[in-house]
Amino acid sequence: MQKPSIPKGTRDFTPQEMVNRNYIFSTIKDVFRLYGFQQIETPAMENLSTLMGKYGEEGDKLLFKITNSGDFMNGLTDEELLERNSAKLINKISEKGLRYDLTVPFARFVVQNRDKISFPFKRYQIQPVWRADRPQRGRYREFYQCDVDVVGSDSLLNELELIQIVDEVFRRLKINVVIKINNRKMLSGIAEIIGESDNITDITVAIDKIDKIGLEKVTEEIASKGISQEAIAKLQPILQLSGTNAEKLTELKKVLADSEIGLKGVSELETIFGLCQTMQVETKIELDLTLARGLNYYTGAIFEVKAIDVEMGSITGGGRYDNLTGVFGMEGVSGVGISFGADRIYDVLNQLNLYPENTLENTQILFVSFGEKELMYCLPWLSALRSKGINAEIYPEPAKMKKQMSYADNKCIPFAAIVGETEMNAGKVMLKNMKTGEQKLATMEDILESLA
RNA sequence: GUGGUUAUAGCUCAGUCGGUUAGAGCGUCGGAUUGUGGUUCCGAAGGUCGCGGGUUCGAGCCCCGUUUUCCACCCCA
């Protein structure tokens, strides 16, 4: 006999865990709909050509690839096999992969369904994604993302709405968070000012780590990427910016005075901060220049949300991407979106134990009986209760009473309806309150009253 | 992908210096109690010690490989 197991980085969810997860999903969904977003779904697998090259070199490695059906090695030459070049071979034996996020499949969806969509298109999507990452705390190989995106609108009002959604979702979930915000245009401007526009990716990836490894190590890392000492020297004051958001922006405006794109980034952020103030967004918003985010398709605002009371990677993230649909042949469609990491939110909620009392999803009443005749007697009662919308079940065989009562106990069922000869003769059931232990002969009306 | 770490009953974990028949708690099942659950008491079932190889008279324990767990990188939700 083999021991059953599931793949690395995947999880089963028990009924109790599903109740908790559904609480998260429905909270998020409710807020999405409140802002006029509509749901779509896309397939678990996409053509590999849709996914490859969208997440950088690292991302390509983390894609789960699906081998072709049938005898997929058949068309290969001996030379190709002997070469042992995995990257080259994979293209010959695999043409599908599991989706890595929801944003790229969404861009594909927009291009493919443009005739059915009117812009601006506001969609949400809650589905699992898969990454061949090495699992760790808060990091899984299969996890759910809850994405909201608007495409076909350049307005910064969209950024505001996304921030309001974050604000509302975490208020409802009772998680204290801070929203970190940055702008890719400002990062481009900085690279431009120090004369290293070509190396912007390396620079942003490195400065992203400043909190973790410190200024010195970051400087080292940037230098190792072949960036000049002169440029690094110019970078120093920018990395050490401090003060309020407004103070930081004022300082940045001076530094970026000669960079058109940099100033554009600053003014975008000013607008967003202004809008948030007007709309009285409660969540703390922090300009964080070190926030870079690896995904290289972002072009404007970049967001990240961190829980304050728990040690955990970011639980929500996103940004603006000006031309994601361009690679699929549809130019000039700008989008902005964020992704709630349901599994990390789930972990945070578990650690803080912030779940509401849930009783509604549970069975309300269990029928306990002693024989075939009693079972038959109960069936109409069950139907009647269910037609009133009451969750009811029956222990499906005449087991020992102790066993039936324990079953009710374990499932936290608040009422038991006990049925034997006496009850059948009276045309009633013995209704027992499992909490107080009280019981009485009851009619259907009595039951409905007790459960109300 | 790199480095470390872990694996013993369904679950959580003991297991001495390498020494005879591998233990506990919880859970499950049965009984005390044939119409009353949570508490209590008694009993039972349940193990190829992750897997494969090696060292040894002898391996749960030592060595090698492999898989898995968790952690730090990398990257990210």
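First the proteins, then the strands, lettered A, B, ... as listed; each starts at 1.
Annotation: A:Y395 is in aromatic contact with A:Y407 [ring centroid separation under 6.0 Å]. The ring of A:F37 has its center no closer than 6.0 angstrom to the ring center of A:Y124. Between A:F25 and A:Y144, the gap from one ring centroid to the other is short of 6.0 Å.
Going from atom CG of A:L431 over to atom CD of A:E423 covers 11.0 Å, rounded to the nearest 0.5 Å.
Here A:T316 lies in heavy-atom contact (under 4.0 Å) with sugar-phosphate atoms only. Contacts of A:Q404 with the nucleic acid, taken as non-hydrogen atoms under 4.0 Å apart, are absent. At the heavy-atom level, A:I418 lies under 4.0 Å from base atoms of the strands shown. Using a 4.0 Å heavy-atom cutoff across all strands shown, A:G318 reaches no nucleic acid atom at all. A:G313 comes within contact range of no nucleotide atom at all, as no heavy-atom separation falls under 4.0 Å. Using a 4.0 Å heavy-atom criterion, one finds that A:G59 contacts no nucleic acid atom at all. Residue contacts for A:D133: at a heavy-atom cut-off of 4.0 Å it reaches a base atom on one of the strands shown.
A salt bridge does not link A:K96 to A:E46: none of the charged side-chain nitrogens sits closer than 4.0 Å to a carboxylate oxygen.
When distances run from any side-chain atom of A:K402 to the nucleotides B:G37, B:A77, B:C75, the shortest one goes to B:G37. Listed candidates were B:U36, B:G31, B:G35. Nearest to the side chain of A:K400 is B:G31. When each of B:C74, B:G37, B:A77 is scored by its nearest atom to the side-chain atoms of A:Y140, the top-ranked nucleotide is B:A77. Side-chain proximity of A:R139 to the nucleotides B:G35, B:G37, B:A77 is greatest for B:A77. When distances are taken from the side chain of A:R131 to each of B:G35, B:A77, B:G37, the shortest belongs to B:A77.
Separating the C1' atom of B:G46 from that of B:C11 is a span of 13 Å, rounded to the nearest Å. Across B:U40 and B:G52, the matching C1' atoms stand 48 Å from one another, rounded to whole Å. Comparing the same atom, P, in B:U12 and in B:G50 gives a spacing of 14 Å after rounding to whole Å. Comparing the same atom, P, in B:C17 and in B:C62 gives a spacing of 12 Å after rounding to whole Å. To the nearest whole angstrom, the two C1' atoms, one in B:G60 and one in B:A9, are 14 Å apart. Between the C1' atoms of B:C51 and B:U68, the separation comes to 10 Å (whole Å). The C1' atoms of B:G25 and B:G15 are separated by 15 Å, rounded to the nearest whole Å. Of the C1' atoms belonging to B:G58 and B:U20, the separation is 10 Å, rounded to the nearest Å.
Toward the 5' end of RNA chain B, the nearer of the two residues A:M434 and A:S314, judged by each one's closest nucleotide, is A:M434. Heavy-atom distances to RNA chain B give each of A:E304 and A:E438 a nearest nucleotide, and the one nearer the 5′ end belongs to A:E438.
A donor-acceptor contact closer than 3.5 angstrom links the side chains of A:D149 and A:Y321. When only modelled atom types and interatomic distance are considered, A:Q136 and A:R134 share no side-chain donor-acceptor pair under 3.5 Å.
For the pair A:Q136 and B:A72, the criterion of a side-chain N or O lying under 4.0 Å from OP1 or OP2 is met. Phosphate proximity of B:C74 to A:K61: absent, as no side-chain N or O sits under 4.0 Å from OP1 or OP2. The phosphate of B:U68 has OP1 or OP2 within less than 4.0 Å of a side-chain N or O from A:K8.
For the pair A:R11 CZ and B:U69 C1', the computed distance is 15 Å after rounding to whole Å. Atom pair A:E17:CD and B:C11:C1' shows a separation of 14 Å (rounding to whole Å applied). The interatomic distance linking A:D12 (CG) with B:U69 (P) rounds to 13 Å, in whole Å. As rounded to whole Å, 13 Å separates atom C1' of B:A77 from atom CD1 of A:I24. In this structure, A:E374 atom CD and B:U34 atom P are separated by 17 Å, rounded to whole Å. A straight line from OH of A:Y100 to C1' of B:C75 spans 7 Å, rounded to a whole angstrom. One atom, CD of A:E58, and another, P of B:C75, lie 7 Å apart when rounded to the nearest Å. What separates CD1 of A:I6 from P of B:U69 is a distance of 9 Å, to the nearest Å.
Residue-to-nucleotide contacts include no donor-acceptor pair under 3.5 Å from the side chain of A:R134 to the base of B:C73. Put simply, the side chain of A:S406 and the base of B:G38 share no donor and acceptor less than 3.5 Å apart.
Stacking of A:F340 onto the six-membered ring of B:A77 is not present when judged by under 5.5 angstrom between centres and under 30° between planes.
In this structure, A:R21 satisfies the cation-pi test against A:F13, with its NZ or CZ atom closer than 6.0 Å to the six-membered ring centre and inside 45 degrees of the ring normal.
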